[in-house]
Structures are given as structure tokens and as C-alpha cells.
Amino acid sequence: MSDHSIAPVADGASVADASATPATPVSAASGPASAPVVPVAAYEPPYYAVVFTSVKTEEGGRDRVAGGYGETNERMEELVEKIPGYLGMDYAGSPGGLSITVGYFRDADAVEEWRTNAEHRAAQKRGRTEWYERYSLHVAKVERSHGFEREHG
């Protein structure tokens with residue numbers, strides 16, 4: 001069963017604030033230029049990390065906009081945010097074209113709901129035919145998690 005009320009973990013300490021909700025970080029890929037880039041907060045384990053590492057084809061648009069990739073990526077972000085148990089997503093891309101997206105999910109049911117979503121499946125198929133030269137996917141159960149944030153001011 002998915003649980004959005006599990007709070008982030010602060011610097012290794014367990015937090016049980018039932019009012020906390022998942023953070024929606026601004027990724028370097030999709031967020032406004034003026035908004036800060038922040039990693040997804042650490043959550044009370046266990047939870048799941050889905051790691052998608054890819055290299056796009058030249059035709060697929062390494063600039064994330066060509067060939068409909070940008071619009072599809074935005075739609076996938078909208079869809080995944082609606083999955084009960086979705087905790088957030090981190091994204092990083094290298095100048096050489098390697099991209100890594102890590103999605104965090106409260107439980108295996110949430111991962112499975114995302115994996116089997118019909119629109120997501122159609123985007124996966126299009127990715128294999130048009131956008132990706134290669135990719136790998138790893139699903140991991142997170143057993144330890146902590147975070148740090150420097151205090152300013």
C-alpha cells in the first residue's frame with residue numbers, strides 16, 4: 001500500500017511527521033532557470049529507487065526537445081506525479097549525452113503502477129524506436145537514507 005505521509009529523513013534521523021508530503025524538486029532538465037536545483041529529500045526506508053540511464057540517438061534529440069521528446073518527457077513527469085507512492089525524481093545529464101533519471105517510490109506497488117501505465121508504456125516503445133541509442137534500468141530497494149542541507153544566514 002502506498003503512503004504519501006511518510007516524511008523525509010533529516011541527516012539520518014527518523015522523522016514521523018504525518019503531515020509531510022513528497023518534495024517536488026526542480027531538475028536541471030525541466031525546472032525554471034531561476035528556481036534552485038535540489039535533490040529529492042531522504043525518506044524513511046524502505047522505499048524504491050528506479051534508475052534510468054540513457055544515451056539518446058542523434059535523431060532522438062540530445063537537446064531534449066527534438067522529435068517530440070521534450071513534450072513526451074513533460075507528460076511523463078505529469079503522469080508519474082499522480083502515482084500514489086511517488087516521492088520525487090532527480091535528473092542529471094552530461095555534456096557527452098549520458099542522462100540519468102532516478103525516480104523514488106514508497107513501495108513496489110507504486111513502481112509497478114508506473115511501469116504498467118499505458119501512456120508510459122507507449123512512451124517506452126517510442127523511446128526504443130526513436131530516441132534512445134541505449135539505456136539501462138535498475139530498480140533498487142533503499143535500505144538506508146539520510147540528507148544534509150547547509151543552513152544559510
Side-chain angles (χ1 to χ4, degrees), residues 1-31 35-57 60-62 64-65 67-94 97-149:
M1 177 167 221
S2 297
D3 185 0
H4 272 293
S5 65
I6 299 295
V9 175
D11 203 18
S14 177
V15 179
D17 178 1
S19 66
T21 57
T24 304
V26 176
S27 73
S30 63
V37 176
V38 297
V40 172
Y43 283 87
E44 182 67 33
Y47 58 96
Y48 288 83
V50 177
V51 183
F52 179 72
T53 306
S54 66
V55 175
K56 290 182 199 69
T57 63
R62 291 193 176 155
R64 296 180 50 87
V65 229
Y69 181 86
E71 295 85 7
T72 302
N73 186 61
E74 287 179 18
R75 177 64 181 147
M76 293 303 104
E77 288 181 14
E78 290 171 7
L79 283 175
V80 74
E81 289 174 358
K82 294 176 184 174
I83 301 284
Y86 171 74
L87 300 174
M89 177 183 1
D90 288 322
Y91 168 82
S94 74
L98 182 72
S99 296
I100 301 173
T101 302
V102 183
Y104 301 96
F105 297 85
R106 172 53 47 209
D107 53 39
D109 290 342
V111 173
E112 183 65 10
E113 185 172 339
W114 177 235
R115 186 185 76 79
T116 60
N117 176 282
E119 253 186 278
H120 183 214
R121 301 291 289 184
Q124 291 170 348
K125 184 176 181 179
R126 190 168 178 199
R128 286 188 297 273
T129 59
E130 297 179 41
W131 300 317
Y132 297 114
E133 186 67 38
R134 63 183 46 87
Y135 68 80
S136 61
L137 180 74
H138 309 275
V139 179
K141 188 173 187 178
V142 177
E143 296 182 2
R144 184 174 38 181
S145 184
H146 70 276
F148 167 81
E149 184 173 337

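Hydrogens, waters and symmetry mates play no part in the numbers below; they use all other heavy atoms, side chains included. Quick caveat: nothing in here was measured; it's all calculated off a predicted structure.
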- Where the side chain of H138 meets the backbone of V51, is there a donor-acceptor pair that is under 3.5 Å apart?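 No.
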
- Message: So does L98 get a backbone contact from the side chain of T53, meaning a donor-acceptor N/O pair under 3.5 Å?
- Response: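 Side chain of T53 to backbone of L98: no pair is present.
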
- For E78, check salt bridge (Lys or Arg N to Asp or Glu O under 4.0 Å) against everything at least two apart and list the hits. R75

To the nearest 0.5 angstrom, please state how far the [atom1] atom of [X] sits from the [atom2] atom of [Y].
X    : Y    : atom1 : atom2 : result
F105 : E112 : CZ    : CD    : 11.0 Å
R106 : L87  : CZ    : CG    : 5.5 Å
M76  : T101 : CE    : OG1   : 13.0 Å
R126 : T72  : CZ    : OG1   : 5.0 Å
E77  : E74  : CD    : CD    : 7.0 Å
Y104 : D90  : OH    : CG    : 4.0 Å

- Taking only residues two or more places apart in sequence or in another chain, which ones pass ring-ring contact (aromatic ring centres under 6.0 Å, His included) with Y48? none

Taking all non-hydrogen atoms of both residues into account, name the closest pair between [X] and [Y] and its distance.
X    : Y    : result
S99  : Y91  : OG-OH, 3.3 Å
E119 : L79  : CB-CD1, 3.5 Å
M89  : V40  : N-CG2, 3.3 Å
P84  : A110 : O-CB, 3.3 Å
A41  : Y43  : O-CD1, 3.1 Å

- Residues in side-chain contact (heavy atoms from CB on, under 4.5 Å) with R128, at least two apart? Q124, K125, Y135

- Query: Can you check side chain to side chain contact (heavy atoms under 4.5 Å, CB included) on Y69 and Y132, steps first, answer last?
  - Reply: CA-CA 10 Å; Y69 181 86; Y132 297 114; 3.2 Å; yes

- Worked verdict on S145 versus Y47 for side chain to side chain contact (heavy atoms under 4.5 Å, CB included): CA-CA 9 Å; S145 184; Y47 58 96; 2.7 Å; yes

